[in-house]
Amino acid sequence: MEYQGNLAGNSLQEEILVLGGGVAGCAASIALARKGRSVTLIERELTPRHKVCGEFLSGEALEDLHALGIDVASLGAVPIDNVRLAARRRAAEAPLPFPAASLTRKALDTALIATAIAAGVRVERGRSVQTLNRTASGAWQATLDDGATYQAATAFLATGKHDLRGHHRPSDPQRWVAFKMYFRLAPKQAAELARASELMLYPGGYGGIQPVEGGIANLCCVVQQKYLSRAGLRWENFLAKMQQDCPHLAMRLAGAQPLLAKPIAITHIPYGYIRRTSENGLYCIGDQAAVIPSFTGDGISIALHTARCAVAAFLAAEPAPLFQAKLRSALLSQMRLAELAADGLNNSLARAVLPFCLRVWPGVMRVTAKLTRVAQQATVAADAVTG
Ligand SMILES: Cc1cc2nc3c(=O)[nH]c(=O)nc-3n(C[C@H](O)[C@H](O)[C@H](O)COP(=O)(O)OP(=O)(O)OC[C@H]3O[C@@H](n4cnc5c(N)ncnc54)[C@H](O)[C@@H]3O)c2cc1C
């Protein structure tokens, strides 16, 4: 859509600015535009790219996406029915207590941006926000890489893992490194993986492998940097070490063809972070609001949920600092439980009692899945406002 904003001084004057066009930014933009608000979304990538993500969509994420008008089945999403916990040579399986699916982020983000454009959002792509500051009049001013500035009374900060200068989240003391790689599995292994998401444990981290659309599999894993250092900070060595520590993964990858020239990697993941407060007119959503440990909760669902709650708060004229504090208390117990689960997975004692863990896995899985879901009450409240 062509830009039609006003010029105030040298700045483009907007009603609402959304910074970051991933899951949370697109979801908020779509909801606001559908309520008749004038929204400008700034996304630094020209077209969606692969992102480090396990690409697992929980039942709640599926519901939220459906409400936004995104039918993941038509995009080729693979239904996921079971979760397996694999360690060394053994794997225990539990049926998922909710519908789930997997879809590449490239496909999901493409659909989200297209839905935002269709909803009337002005999408500025291939332009990166460098700074976000308050002007003397109290408006938010975003300065882009080409020097252009945009001002709005309200901004939604949705830059995901990337912090803007002056809006930093705390450091990540564990120094996590995450990788994603696609593989075409050997036919027997692809058939055995089928519609399951497999979680694997190894010293210093954990990872998951699951099918995504196009008959391929996503291997996504996290590891603390000190363990990666022992593998010479090299992906090939780390991949070999993971397979050595977890022969189940070695079996899955036997004869597999890697599909990317090198894995996609990210560092600085402040797991467990929940933003305490914000400033007036600045609603922080997605990973900028909360970062749930990977594989123990569903970050995409939280991104969609925080976007929906922030839009509801904005439409109800709830100040951003109040919204952020309420969101924090609504997410706190879910986040702490997910952290406990992640610590358990990453704990050497837990690995020592692995045979027991594998026996109790189906029960643990059912309880954890229930408890780490986004708080239903907050969802209902947001529904009431956003309709
Ligand atoms: C290893 C790992 C595995 C995970 N696996 C899963 C999983 O299987 N299932 C799940 O539900 N969640 C998973 N997550 C979490 C999930 O990926 C995130 O929680 C979710 O993507 C957060 O959405 P978001 O909108 O906040 O950020 P994103 O979706 O990352 O979007 C942020 C957007 O902002 C843009 N941007 C950044 N900086 C700027 C800037 N300066 N200017 C303009 N645009 C900018 C980026 O290009 C990006 O498009 C995983 C996370 C990790 C680290």
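Just follow the structure's listing: the first ligand is 1, and inside any ligand the first atom is 1.
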Notebook entry, point to check: So F238 and Y202, would you call those rings parallel, tilted or perpendicular, with 30° and 60° as cut-offs?
Noted result: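 Answer is perpendicular, since the angle exceeds 60°.
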
Check: Is the W235 ring parallel, tilted or perpendicular to the F179 ring (thresholds 30°, 60°)?
Finding: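 Rings of W235 and F179: tilted, 30 to 60°.
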
Item checked: ligand 1 contacted by Q288 (non-hydrogen, < 4.0 Å) ->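 For ligand 1, residue contact (heavy atoms, under 4.0 Å) with Q288 is absent.
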
Note to self: Check for me whether C220 has a heavy atom closer than 4.0 Å to any atom of ligand 1.
What the structure shows: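 A heavy atom of C220 does come that close to ligand 1.
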
Decide, yes or no, whether a salt bridge links [X] with [Y] under the criterion of side-chain N to carboxylate O below 4.0 Å.
| X | Y | answer |
| --- | --- | --- |
| E45 | R125 | no |
| R308 | D64 | yes |
| E279 | R134 | yes |
| E14 | R122 | yes |

Side chain, backbone, both or neither: which applies to [X] and ligand 1 if a contact is any heavy-atom pair less than 4.0 Å apart?
| X | value |
| --- | --- |
| L164 | side chain |
| K51 | side chain |
| A24 | both |
| R44 | both |

For [X], take its heavy atoms, then give the atoms of ligand 1 lying under 4.0 Å from any of them.
| X | value |
| --- | --- |
| S294 | 1 (C), 2 (C), 3 (C), 4 (C), 50 (C), 51 (C), 52 (C), 53 (C) |
| A178 | 1 (C) |
| V222 | 1 (C) |
| G20 | 34 (O), 35 (C), 44 (N) |
| A158 | 32 (C), 33 (C), 34 (O) |
| D287 | 18 (C), 19 (O), 22 (C), 26 (O) |

Have a look at [options] and point out the one with the heavy atom closest to [atom].
| atom | options | result |
| --- | --- | --- |
| atom 17 (O) of ligand 1 | C53, A265, G25 | C53 |
| atom 3 (C) of ligand 1 | G22, G286, G54, G299 | G54 |
| atom 37 (C) of ligand 1 | I113, T159, T306 | T159 |
| atom 29 (O) of ligand 1 | Q210, R105, R49 | R105 |

Check: Just checking, any donor-acceptor pair under 3.5 angstrom between side chains of E198 and N82?
Finding: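 No pair is found: no donor N or O on one side chain lies under 3.5 Å from an acceptor on the other.
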
Notebook entry, point to check: side-chain hydrogen bond (donor to acceptor under 3.5 Å, both in side chains) with Q225: which of Q174, R230, R175?
Noted result: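 Among Q174, R230, R175, the one meeting side-chain hydrogen bond (donor to acceptor under 3.5 Å, both in side chains) with Q225 is R175.
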
Next item on the list: Please check if atom CZ in R165 has more than 12 non-hydrogen atoms from other residues, nucleotides or ligands closer than 6.0 Å.
Entry: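 Atom CZ in R165 is not packed in, count stays at 12 or less.
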
